[in-house]
Enquirer: 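Please find one structure pasted underneath; my questions will follow.
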Amino acid sequence: MRIPKPRTLIVPAAGILLTLAMGTLCLMPPQLFVFLDEKIYDSFLKASPHQSASDSVVIVDLDESSIAVLGQWPWPRYRVAQLLDKIHAAGASAVGLDILFSEPDRTSLELLAREIRQDMGINIFQEKTPLETMNNDQTLASVLADGSFVLGYQFDFDTARGDECLLHVLPAAIRFKKNSTDKSFFNARGVICNLPLLSQAAGASGFFNVTPDSDGVVRRVPLVIRHEERLYPSLALASYLQAYGGNAVIEVGREGIEEVRINKKTIPLDSRGNIVVNYRGSRRSYNHIPAVSVLYETIDTSLLRGKIVLIGTTATGLHEMRTTPLEAAQPGVEIHATIVDNLISGDAIGFPRWSLGLQFFLVLFPGMLLTFLLVRARAIWGLAVVAPCAAFIWQLAWWLLAHQNVYFSPLLPISTLGLIFTTVTSLRYMETERDMRERTRKLSLTQDAIIQSLAALAETRHHETGGHIQRTRHYIRALAVQLKDHPRFRHFLNNSTIDLLFRLAPLHDIGKVGVTDQVLLKPTRLSEDEYEDMKKHTDYGTETIRLAKNFLGEDSFLQMAEEIVANHHERWDGLGYPRGLRGDDIPIPGRLMAVADSYDAIISPRLYKPAISSQEAILLIQNLRGTYFDPDVVDAFLAVSDKFAEIATRFASSGVEPEPPKGF
């Protein structure tokens, strides 16, 4: 069954505005969305098939075994020179050092001799010692000058220092597209660099800054950084260029840096010049060769021939561990090796402009479509669209990352579907509920009109005062409220039932329209035969209610009216009329009405009797407990008798009513 269409434009307008707002967030995502998106990216990367690590990259590891054999770090630089010389001799195409030599080597013989001579006045060298053995830094510089080595250094973004540093500028051209900006580059204020002697000897150098995202995970690493208006390469990029040569062309667009092209190979970058690392797996994905094995030549030198070698450490206490999407603790040198591998394979993770367009499309189109669907159809149909659409978007995002090395965020498109479904469905529900309340109000007014019309019909014959109608309905409500928590009555009495009792009470004597005027309007006491005729008013009223129920159905509100009309003269001991019901066989509405109607009959003046006081009426009803009336109903009446007296005073009648002397 179709639900009614919205009566206003609020529902579709809300869906459209929410869709447009979510589309805007594609361009300016809040920090919470960025955080969640990074976690989704991590989960996708973990679930993706990983390309095997390239055998073109090798790590010479200053590991635990090397430290155990050769002594604690830092080693004398002549030993580092020996290590580099052997790697070069093995035929490595480039050697990148994830090591910083910012201070002179204190183990140099020249420096030691000078300090001992100054402090102790002793000249420890009596014979002329070869110069190359006197200065370890000079020894290292000589080796650096003869090979394809790349020194590492650290940029400082807080302090301006390192004016004397010799850095190797990135051989790159920058292409600015229309409306582009060059303000997207990271700008370093200072640098912590190697000794000038070493920097002059080396043919290349690159920074090894690795800055994690706000959650501490390294997903991207700067490939280029600006310093004093010049661009400098990372250690990985400098090592790659040292091995393969070529120049770089950096494309800068409206949103910032877009990509770098090296030897016809395009490497995607984010807007700040970061490469998004396509990790190969967990730790030791690359071939690790202990440094001691290289120094003692216990390895096959073919393992290094033609390879890009990165020298770093995984030894406890020396290595800087980083958290990556695939590994809780991964050595920094392995991250640099992965970046070199990405440059070789050309498979770094990209964020092309079309991925943002795809994200924007998958926010707007499904959002608008779902809005108009929910406006015209039931929520279940909207759910039938949301679930497969969300699954498709999620799977598409994973497939693009796993097989195309392109990432677009599925978070906003899926969030848009959920938000639109929840909001529009809620508004539809609120609107439907408002319509239902309005229909209920109109139905209630219709019921009251029917009740008042039937009560007025009885009044045309008997001329009961409006005060009697008002009093009895308030009496029965006071009784019902008092009894609604009673164990015998709480299954029946609730707020809606009590309200219905209040509205139906005026119908209790509607059957008097069927009693002849001779009996109904007689000013004196009725004879036995006349009293029997008067008792038939319950049957007449019941028949009238049943005729009305034929039009409204057996489960209509008139069912309770029938119970009131038919049973308000039944007695607890079974001697009442019309059916002589006994005890709990008497419907609850009839039992309540019996007490309310009797109390009002007793305290009201009649042509044949004066009014009786409320206290006397209370005593009389109390004496009839368990015979005429349900004992628990009488107990409730006694508990609220003060309210009965107050109601009688508030709705007092000015006239008198002819009433038969038998029964109440």
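Side-chain atoms are counted along with the backbone in the values below, which use heavy atoms only and exclude waters and symmetry mates. What you see is a predicted model, and the numbers here were worked out from it, not measured in a lab.
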Enquirer: Strictly distance-based, threshold 3.5 Å: is any side-chain N or O of Ser43 a donor or acceptor partner for the main-chain N or O of Ile40?
Expert: yes

Enquirer: Working to the nearest 0.5 Å, report the span between CG of Leu195 and CZ of Arg77.
Expert: 5.5 Å

Enquirer: How far does CG of Leu237 sit from CD1 of Ile275, to the nearest 0.5 angstrom?
Expert: 8.5 Å

Enquirer: Assess the residue pair Arg189 and Asp156 against the criterion (salt bridge (charged side-chain N to carboxylate O under 4.0 Å, His left out)); give the C-alpha distance rounded to whole Å, side-chain angles, the decisive distance to 0.1 Å, and a yes or no.
Expert: CA-CA 6 Å; Arg189 298 183 60 193; Asp156 189 340; over 6 Å; no

Enquirer: Quick one: does any side-chain atom of Lys86 pair with a main-chain N or O of Glu297 as donor and acceptor, under 3.5 Å?
Expert: no

Enquirer: Give me the atom names and distance for the closest heavy-atom approach of Ala402 to Ser48.
Expert: CB-OG, 3.5 Å

Enquirer: Going through the checks in order, is the ring-ring contact (aromatic ring centres under 6.0 Å, His included) test met by His50 and Tyr279?
Expert: CA-CA 8 Å; His50 303 296; Tyr279 288 97; 9.3 Å; no

Enquirer: Closest heavy-atom contact between Phe149 and Ala202?
Expert: O-CB, 4.3 Å

Enquirer: Can you confirm whether the side chains of Thr324 and Gln330 place a donor and an acceptor under 3.5 Å from each other?
Expert: yes

Enquirer: Any chance you could measure Asn247, atom CG, to Leu241, atom CG, to the nearest 0.5 Å?
Expert: 8.0 Å

Enquirer: Please check this pair: side chain of His168 against backbone of Tyr232, looking for a donor-acceptor N/O pair closer than 3.5 Å.
Expert: no

Enquirer: Sub-3.5 Å donor-acceptor pair from the side chain of Arg322 to the main-chain atoms of Val210, do we have one?
Expert: yes

Enquirer: Any chance the side chains of Asn194 and Ser199 put a donor and an acceptor closer than 3.5 Å?
Expert: no

Enquirer: Closest approach of Ser205 and Tyr153, non-hydrogen atoms and distance?
Expert: OG-CE2, 3.5 Å

Enquirer: Under 3.5 Å, is there a donor on one side chain and an acceptor on the other for Asn278 and Asn405?
Expert: yes

Enquirer: Begin from the C-alpha positions of Lys307 and Asp55 and carry the test salt bridge (charged side-chain N to carboxylate O under 4.0 Å, His left out) through to its verdict.
Expert: CA-CA 8 Å; Lys307 308 296 175 63; Asp55 60 1; 5.2 Å; no

Enquirer: Could you measure the distance from the CZ atom of Arg79 to the CG atom of Leu84? Nearest 0.5 Å is fine.
Expert: 13.5 Å

Enquirer: Test your reading of the model: is there a side-chain donor-acceptor pair from Asp270 to the backbone of Gly273, 3.5 Å cut-off?
Expert: yes

Enquirer: Any luck finding a side-chain donor-acceptor pair between Asp341 and Ser345 under 3.5 Å?
Expert: yes

Enquirer: Any side-chain to backbone donor/acceptor pair from Trp75 onto Gly71? Under 3.5 Å, distance only.
Expert: yes

Enquirer: Parallel, tilted or perpendicular: which one describes the rings of Phe44 and Tyr407, with boundaries at 30° and 60°?
Expert: perpendicular

Enquirer: Distance from Thr211 atom OG1 to Asn274 atom CG, nearest 0.5 Å?
Expert: 8.5 Å

Enquirer: Could you label the plane-to-plane angle of the Phe155 and Phe207 rings as parallel, tilted or perpendicular, counting under 30° as parallel and over 60° as perpendicular?
Expert: tilted

Enquirer: Please confirm whether Phe35 and Phe33 have ring centers closer than 6.0 angstrom.
Expert: no

Enquirer: Go through the side-chain N and O atoms of Thr107 and Asn136 and say whether any donor and acceptor fall under 3.5 Å apart.
Expert: yes

Enquirer: Kindly compute the distance separating OG (Ser234) from CD1 (Ile225), expressed to the nearest 0.5 Å.
Expert: 8.5 Å

Enquirer: Verify whether one side chain among Thr314 and Asp63 offers a donor that lies under 3.5 Å from an acceptor in the other.
Expert: no

Enquirer: When Glu334 is tested against each of Arg284, Arg280, His288, Arg283 for side-chain hydrogen bond (donor to acceptor under 3.5 Å, both in side chains), which residue passes?
Expert: His288

